[in-house]
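Notes for the one structure printed next.
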Amino acid sequence: MSTTIRLSRIGKKHQAQYRVVLKTTRDKRDGIYLEELGYYNPNTNPATVNLKMDRINYWIKNGSMTTETVKQLIKKYQHKSA
C-alpha cells in the first residue's frame with residue numbers, strides 16, 4: 001500500500017494546528033496515521049514548525065509521496081529543524 005506524508009488538522013475552530021504525519025493514501029485526513037513526523041502551527045508569529053527530517057527523508061527514500069504543502073514546509077523550514 002502506498003503512503004503519503006501530509007498534514008492532519010488538530011486544534012480548535014479558527015485556531016488550526018497541524019501534525020505532519022505518514023498515512024496510507026486511502027485514509028481520511030484526520031484519521032489514523034502510521035507515524036507522526038512533526039507539527040506546524042501557523043498561528044504564531046513566526047509560524048512554529050518542528051520536523052523530524054531524518055524520518056521524513058527515510059520515508060521519501062522508501063517511496064512515500066508528499067503533498068504540495070508539506071513539500072513547501074520542508075523546503076522553507078528544513079534548516080531550522082532539530
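- Remark: side-chain polar atoms of Asn43 are not paired, donor with acceptor, to backbone N or O of Gln17 under 3.5 angstrom.
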With side-chain contact (heavy atoms from CB on, under 4.5 Å) as the criterion, how do Leu7 and Leu73 come out once you've worked through the C-alpha distance, each side chain's angles and the decisive distance to 0.1 Å?
CA-CA 10 Å; Leu7 296 177; Leu73 283 175; 4.0 Å; yes
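- Of all the heavy atoms in Gly31 and Lys23, the pair that sits closest is O-NZ, 3.1 Å.
- For Glu68, the side-chain contact (heavy atoms from CB on, under 4.5 Å) partners are Lys71, not counting sequence neighbours.
- Listed by chain and number, the residues in a side-chain contact (heavy atoms from CB on, under 4.5 Å) with Ser64 are Thr3, Ile5, Leu22, Trp59 (sequence neighbours excluded).
- Although no hydrogens or angles enter the test, the distance criterion places a donor-acceptor pair under 3.5 Å between the side chain of Asn62 and the main chain of Tyr58.
- Side-chain polar atoms of Thr44 and Asn41 form no donor-acceptor pair below 3.5 angstrom.
- Here the CG atom belonging to Asp30 is positioned 9.5 Å from the CD1 atom belonging to Ile10, to the nearest 0.5 angstrom.
- Applying the side-chain contact (heavy atoms from CB on, under 4.5 Å) test to Thr67 and every residue at least two apart in sequence or in another chain returns Thr4, Arg6, Thr69, Val70.
- The salt bridge (charged side-chain N to carboxylate O under 4.0 Å, His left out) analysis of residues 34-49, with sequence neighbours excluded, yields the pairs Arg19-Glu36, Glu35-Arg55.
- Under the 4.5 Å side-chain criterion, counting only non-hydrogen atoms from C-beta, Leu51 is not in contact with Leu37.
- Between Met65 and Thr25 the shortest side-chain heavy-atom distance does not fall below 4.5 Å.
- Every residue meeting the side-chain contact (heavy atoms from CB on, under 4.5 Å) condition with Tyr39, not counting sequence neighbours, appears here in chain and number order: Thr48, Asn50.
- In the displayed structure, Arg26 atom CZ is contacted under 6.0 Å by at most 12 heavy atoms of other residues, nucleotides or ligands.
- Heavy atoms only, all atoms of each residue included: Pro42 and Ala47 are closest at CA-CB, 4.1 Å.
- The hydrophobic cluster around Val21 extends to Tyr33, counting ILVMFWY residues whose side-chain heavy atoms fall within less than 4.5 Å of a member.
- With Ile74 as the fixed residue, the side chain to side chain contact (heavy atoms under 4.5 Å, CB included) test singles out one of Val49, Val20, Ile56: Ile56.
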